[in-house]
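For reference, the structure is listed below as structure tokens.
All values below come from the heavy atoms of this structure, side chains included, with hydrogens, waters and symmetry mates left out. Chain naming here is simple, since letters A, B, ... match the order of the sequence lines and numbering starts at 1 in each.
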Amino acid sequence: MNAVSLLVRKDLRVLRRSPLLLAALLAYPVVIALLVGLVAGYASSKPRVAWVDEDNVPPVVQVAGHRFHVQTIVDQVSRNVTLVRMSADEAARELASGEVVATITVPPGFVGTLETAARSPSLVLRTGSGALASRVTQQVQALVYRLNSELQGVFIKANLVFVQLLRHGGQGSFLGRRFTVLGLDGTQKVLASMPPGERVRAIAAFVRDAQLGLAQTGAALKATAHPIELKQPKQQGRTWVLSAQVQSYGIALTVTFLALLLAAGAAAAERDEGTIGRLRRGLVSLGQLVWSKVALAAVVGVALGAAIAIVFGVVVELGGVSGGEPWARIPLLLVGVALAAAVVGAAGALLGALARESRTASLLAVLVVLPVVFLGLIPREALAFAFWVSELLPFSHAVRWFSAALYDPSPWRVLGEQTLWLVGIGAVLWGLARRSMRRLEA
Amino acid sequence: MTQPLLRAAGIARRYGDVEALAPTDFALEPGETVALVGPNGAGKSTLLAMLAGALEPTQGIVEASVPVGWVPQRPALYSRLSARENLELFARLEGVSDARGAATRLLERFSLPPEERPSGELSVGNRQRLNVALSLLAEPRVLLLDEPTASLDPGQRRRVWEIVNALRDDGGAVCFATQNLEEVEHAERVLVLEHGRIVPATMEEVFE
């Protein structure tokens, strides 16, 4: 049995005999993952928006013969934001103090202008300068888009009534005035009763063309109003807690945390126990010592990764959620977990060697792991610099590896790229760790 | 002239700007026992650790023609493993063919507790005995001991000196560091270390 495997077995035995440490190592990342989840949940919570009604909008508004229930519209908006009715002064004060992230004002005369169907009334949106401002703007734009969409339907319907009058004739009204229209059908009948002649034939030809053209008016108006329609068929997907991304982040966070702390503590413990000198007497090389900590991190990481993947799999099965292969990809996932944990283990060995003392090493590992993880959570669009820094660290590559391994139908390209990244980062960390191990001798 | 069992040529150790041991030559002949004496921080432990291969010299070389055993000043063992597990682990790392048998023999020889109690929970004396036992796993012909009897009772001290004397009588060699002047009588040769250098002073002068 070679020296590396003897040291790994020794470290595993030591770990098994430290149940409190083991429990803390397992519980801590889970707690962190939950906290991250809560923060993410808070980020997606509804922002508070002031609703200032300066027009005393009635509960029901009638536009072009169609009844709009104002409360229904408010309820629709409330799916994304919490609308709070208040006066203009209150709204301005709360916007300034940040208690609301935006104000939507219905100006005087809004409903009257809307009911004429001749001009476009305006809603006034004011936003603060906080991070949520752009999100609220998008949500209000979406609301106005939906209202416009409904109003367009109503207006098209009203306009088509006039087109039908033009085609078939009959009684109509506009702005309260009633009138009678002969229509193209009536014109055709009048022309048929007239003596034939060149002029009558020309008018009859125009009437036929006009009838054909007007028959297409309804479809043309609808197409003009909605050049592109967005359809969202209902689908049974995973809930967010079971999404591929959350699962990948959960495993990556736990494995990163555990592997870093474990390897850092185990490396520094060789000096604490005074055994580094005994090992260095030709029994174990510095490289083997680093490998032993890397292997320890990989072994424990795989065990933990498998446990988490099984828990997710069971939850997916029990929940009857479609959209993933909870079991078939576990072996592939564990290959990635072993690789990622080994790379993080090399980083841990480096920290342990630098700290030279296990308590300092553990503290250092905790201090290092949190920024590493949070950097990996920052999207490229949010902060490009943070994204590029995280590219040089193993966490974000581990997340991509796990995500592709679990849910990508053809994962090999992504896995190849991320493997190269992880191996490259791991090689650098291994080299630094091996070089730093000398510090443990002194 | 006999060939030395262990030889060091110009070995030195620096920690940054601090010179822990100035360039030093040293040799251990068969059947010889050497005592290293000197005040705290004189460089005794550094010299022994470098002779044992546990610490890399900043310069110079160490050559050994036979297996070397090393007893560090502070017990170097895994405190969460039992005495038997420590002995078996280091026996396997040393390449001892019957690791379990070697561990059993040393447990008996040093009257160490055979049960699975973590060695961190052993008494200071038992830990020191385990420390000495670990150095004997590879059946060394040269033994380097750093204040080996510091925390042992008189009976256990006697046992350590029996081992030292037996090894010397068998043609091996021993070098030990001590601050106990009475223990120097076990040595044929005494080296006095002060400020990282071997000095031509008497022990009394150094300790004064």
Worksheet item: Out of curiosity, B:Phe90 CZ to A:Leu6 CG, how far, rounded to the nearest 0.5 Å?
Response: 10.5 Å
Practice prompt. Check each atom of B:Leu77 against the heavy atoms of chain A and say whether the ones under 4.5 Å are side chain, backbone, both or neither.
Written response: backbone
Discussion item. Could you check whether atom CD of B:Glu188 has more than 12 heavy atoms from other residues, nucleotides or ligands sitting under 6.0 Å from it?
Written reply: yes
Worksheet item: Considering residues, nucleotides and ligands other than A:Arg359, do more than 12 of their heavy atoms fall under 6.0 Å from its CZ?
Response: no
Could you pull out every donor-acceptor pair under 3.5 Å between side chains of residues 47-59 of chain B and any protein atom, sequence neighbours left out?
| unit_1 | atom_1 | unit_2 | atom_2 | d |
| --- | --- | --- | --- | --- |
| B:Glu56 | OE1 | A:Arg438 | NH1 | 2.7 |
| B:Thr58 | OG1 | B:Arg14 | N | 2.8 |

Fill in: Residue B:Glu116 versus chain A: region with a heavy atom under 4.5 Å
side chain
Worksheet item: Is the CZ atom of B:Arg189 crowded by more than 12 outside heavy atoms at less than 6.0 Å?
Response: yes
Discussion item. Measuring from atom OG of B:Ser82 to atom CZ of A:Arg17, what distance do you get when rounded to the nearest 0.5 angstrom?
Written reply: 6.0 Å
Worksheet, complete the sentence: Shortest non-hydrogen pair, B:Ala76 vs A:Thr275, comes out as C-CG2, 3.8 Å
Worksheet item: Would B:Glu88 and A:Lys10 pass as an ion pair if we require N to O under 4.0 Å?
Response: no
Worksheet item: Does a sphere of radius 6.0 Å around CD1 in B:Ile61 hold more than 12 heavy atoms from other residues, nucleotides or ligands, not counting ones at 6.0 Å or beyond?
Response: yes
Worksheet item: Looking only at heavy atoms, which of residues 279-304 of chain A get nearer than 4.5 Å to chain B?
Response: A:Leu279, A:Arg280, A:Arg281, A:Leu283, A:Val284
Response to the item:
The interface call for B:Pro75 against chain A, heavy-atom contacts under 4.5 Å, is backbone
Worksheet item: So what's closer than 4.5 Å to chain A heavy atoms on B:Asn131: side chain, backbone, both or neither?
Response: both
Item to complete: Flag the pair A:Arg278 / B:Leu93 as yes when at least one side-chain heavy-atom distance between them is below 4.5 Å, and no otherwise.
Response: no
Item to complete: Given side chain to side chain contact (heavy atoms under 4.5 Å, CB included), test B:Arg80 with A:Arg13 step by step and report yes or no.
Response: CA-CA 8 Å; B:Arg80 294 233 177 229; A:Arg13 191 173 286 175; over 6 Å; no
